[in-house]
K.L.:
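I have a structure I would like to understand better, so I am pasting it below and will then ask my questions one at a time.
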Amino acid sequence: MSVLQIPAMANAHSHAFHRALRGRTQQGTGSFWTWREQMYDLAARLTPDLYFELARAVYAEMVAGGIGAVGEFHYVHHQADGTPYDDPNEMGRALLAAADEVGIRIRLLDTCYLTAGIGQPPAGVQRRFSDGHAEAWAERVAAFDDPRVGAAIHSVRAVPREQMGTVAALGGPVHVHLSEQPAENEACVAAYGVTPTRVLAEEGVLGPRTTLVHATHLTDADVRLIGDSGAQVCLCPTTERDLADGLGHGGDLRAAGTRICLGSDSHAVVDLFEEMRGVEMHDRLRTGVRGHWSAAALLETATVNGHASLGLQESGVVMIDPASPRTAGTGGDVHAAVFAATAADVTDVVIDGRTVFDGDHARVGRELEAAIEKVWA
């Protein structure tokens, strides 16, 4: 049987450093908020050199799974006490350099993160994230002078609403965490009298350039507003289930006219085949009905829509073993790729005419182990 081939996929939402949490945060019980404390401990450990090595290994894992482009939602900007590095974009440049070395295409979504919550100053490791004001954030981002850099608003709780327009004015793609947790919605309604989706709309952020990440806890009015705006939604099913966030609204959002793309977010799993299936499976769990998404529609979320979310043209080819223990006997077509294959079945990846993965999954594992050991040393 010939090799199964699909277009290279786009991972529209990544926090590369979260990969070092895999196998650690799954121990014990808790919630998103207890997970966040573990994430903060990890963020406090990062240096530019450590982040370069970790990101290089994580991007290699992505490429080995058929991902040819990544949207890196980057907010660890400064030194541990909040003081900028001599080059205030040193951490971001480390991520760009890591992507270059691996051969993955990147949209560095430099994230504005100013407050610990609505009206609350940053504390502890959050000082690494904050530029103090959106104008200072914009000045720092302009110093990149790199067309691969885009913008992100961390969330409604982390950027005052009157400063959101400054971030959106950068041009190009704008990504935003939206309604990932009910507590975010409750705080927003208490402070502003409306949902986070409505705040984004009133501040001119919601539109065709915007990608809303998670969008898990929406009202029916939110769903209609997002659909009418032309914004995309990035679902991250493996992270949303790992963090007990809730079930996504993929089918409802698509019915309202919203395009869906995918991200691996916290990298509890780096496998966009699993993310594709997760969209369908979450809709099944919500509704008790099977068959919301065809294989072709799910593949579009991982390819066409993901690249569009990042403002990138599609590029690249992924070869999949059609006779692995997972794909054998499935027919060797798009249904096999979407509903049977995993990242481990990728044999070759070519991006922009360059072979960036040759099937050596064991090498990628060794690189990840070495990089993560350094972070926790």
K.L.:
Roughly how far apart are L299 CG and F339 CZ, rounded to 0.5 Å?
P.N.:
10.5 Å
K.L.:
Check this for me: does any side-chain nitrogen of one of R22 and E61 sit under 4.0 Å from a carboxylate oxygen of the other?
P.N.:
yes
K.L.:
Is it the case that E240 and H214 place a side-chain donor and acceptor less than 3.5 Å from each other?
P.N.:
yes
K.L.:
Could you go through T327 and S324, starting from their C-alpha distance and side-chain angles, then the distance that decides it, and tell me whether this counts as side chain to side chain donor-acceptor pair (under 3.5 Å)?
P.N.:
CA-CA 5 Å; T327 59; S324 80; 3.1 Å; yes
K.L.:
Is D146 paired with R148 through a side-chain N to carboxylate O contact shorter than 4.0 Å?
P.N.:
yes
K.L.:
Tell me whether D222 contacts the main-chain N or O of T219 through its side chain, where contact means a donor paired with an acceptor under 3.5 Å.
P.N.:
yes
K.L.:
Between E202 and R161, does any side-chain N to carboxylate O distance fall below 4.0 Å?
P.N.:
yes
K.L.:
Does D110 pair with R140 as a salt bridge, N-O distance under 4.0 Å?
P.N.:
yes
K.L.:
Centroid-to-centroid, Y113 to H77, below 6.0 Å?
P.N.:
no
K.L.:
Less than 4.5 Å apart, any side-chain heavy atom of M319 and any of L4?
P.N.:
no
K.L.:
Keeping the roles fixed (side chain from T287, backbone from V289), state whether a donor-acceptor pair exists under 3.5 Å.
P.N.:
yes
K.L.:
Taking the six-membered ring where the residue is Trp, are the ring centres of H74 and H15 under 6.0 Å apart?
P.N.:
no
K.L.:
Any carboxylate oxygen within less than 4.0 angstrom of a Lys/Arg side-chain nitrogen, looking at R157 and E186?
P.N.:
no
K.L.:
Are H249 and H282 close enough that a side-chain donor and a side-chain acceptor fall under 3.5 Å?
P.N.:
no
K.L.:
With rounding to the nearest 0.5 angstrom, report the OG1 to CZ distance, T211 to F73.
P.N.:
10.5 Å
K.L.:
Would you find a donor on one side and an acceptor on the other, under 3.5 Å apart, between the side chain of R105 and the backbone of I351?
P.N.:
no
K.L.:
Does the side chain of T216 pick up a donor-acceptor pair with the side chain of D245 at under 3.5 Å?
P.N.:
no
K.L.:
Does any N or O in the side chain of N305 come within less than 3.5 Å of the main-chain N or O of R259, such that one atom is a donor and the other an acceptor?
P.N.:
no
K.L.:
Drop me the distance from D265's CG to C236's SG, to the nearest 0.5 angstrom.
P.N.:
4.5 Å
K.L.:
Salt-bridged, R286 to D252, with N to O below 4.0 Å?
P.N.:
yes
K.L.:
Answer yes if L109 and I67 sit in the same cluster of Ile, Leu, Val, Met, Phe, Trp and Tyr residues linked by side chain heavy atoms under 4.5 Å apart, and no otherwise.
P.N.:
no
K.L.:
Is a donor on one side and an acceptor on the other found under 3.5 Å between the side chain of Q79 and the backbone of P84?
P.N.:
yes
K.L.:
Can you tell me which residue among R107, H175, Q232 is in a side chain to side chain donor-acceptor pair (under 3.5 Å) with S309?
P.N.:
H175
K.L.:
Picking from L206, V199, I226, what satisfies side-chain contact (heavy atoms from CB on, under 4.5 Å) with L178?
P.N.:
I226
K.L.:
Within this structure, what is the CG-CD1 distance for the pair L21 and I372, rounded to the nearest 0.5 Å?
P.N.:
9.0 Å
K.L.:
Any heavy-atom pair between the side chains of L218 and L253 that's under 4.5 Å?
P.N.:
yes
K.L.:
Any ion pair linking R127 and D81 (charged N to carboxylate O, less than 4.0 Å)?
P.N.:
no
K.L.:
For D321 and T347, which I'm curious about, is there any donor-acceptor pair between the side chains at under 3.5 Å?
P.N.:
no
K.L.:
Is any side-chain heavy atom of S130 closer than 4.5 Å to a side-chain heavy atom of H78?
P.N.:
no
K.L.:
Mind running side chain to side chain donor-acceptor pair (under 3.5 Å) on E101 and Y59 for me, showing each step along the way?
P.N.:
CA-CA 9 Å; E101 190 158 316; Y59 294 154; over 6 Å; no
K.L.:
Any chance the rings of Y75 and H154 have centres within less than 6.0 Å?
P.N.:
yes
K.L.:
Just verifying a value: how many Å separate L212 CG and I153 CD1, rounded to the nearest 0.5 Å?
P.N.:
10.0 Å
K.L.:
Using a 3.5 Å distance criterion without hydrogens, assess whether the side chain of R290 forms a donor-acceptor pair with backbone atoms of E280.
P.N.:
no
K.L.:
Between R36 and D41, is the closest basic N to carboxylate O distance under 4.0 Å?
P.N.:
no
K.L.:
Are F273 and V356 connected, step by step, through hydrophobic side chains (Ile, Leu, Val, Met, Phe, Trp, Tyr) whose heavy atoms are closer than 4.5 Å?
P.N.:
yes
K.L.:
Do R277's NZ or CZ and the ring of W293 fall within the cation-pi criteria of under 6.0 Å and 45°?
P.N.:
no
K.L.:
Roughly how far, to the nearest 0.5 Å, is CD of E274 from OG of S264?
P.N.:
12.0 Å
K.L.:
Taking only Lys NZ, Arg NE, NH1 and NH2, and the carboxylate oxygens of Asp or Glu, determine whether E367 and R56 approach each other closer than 4.0 Å.
P.N.:
no
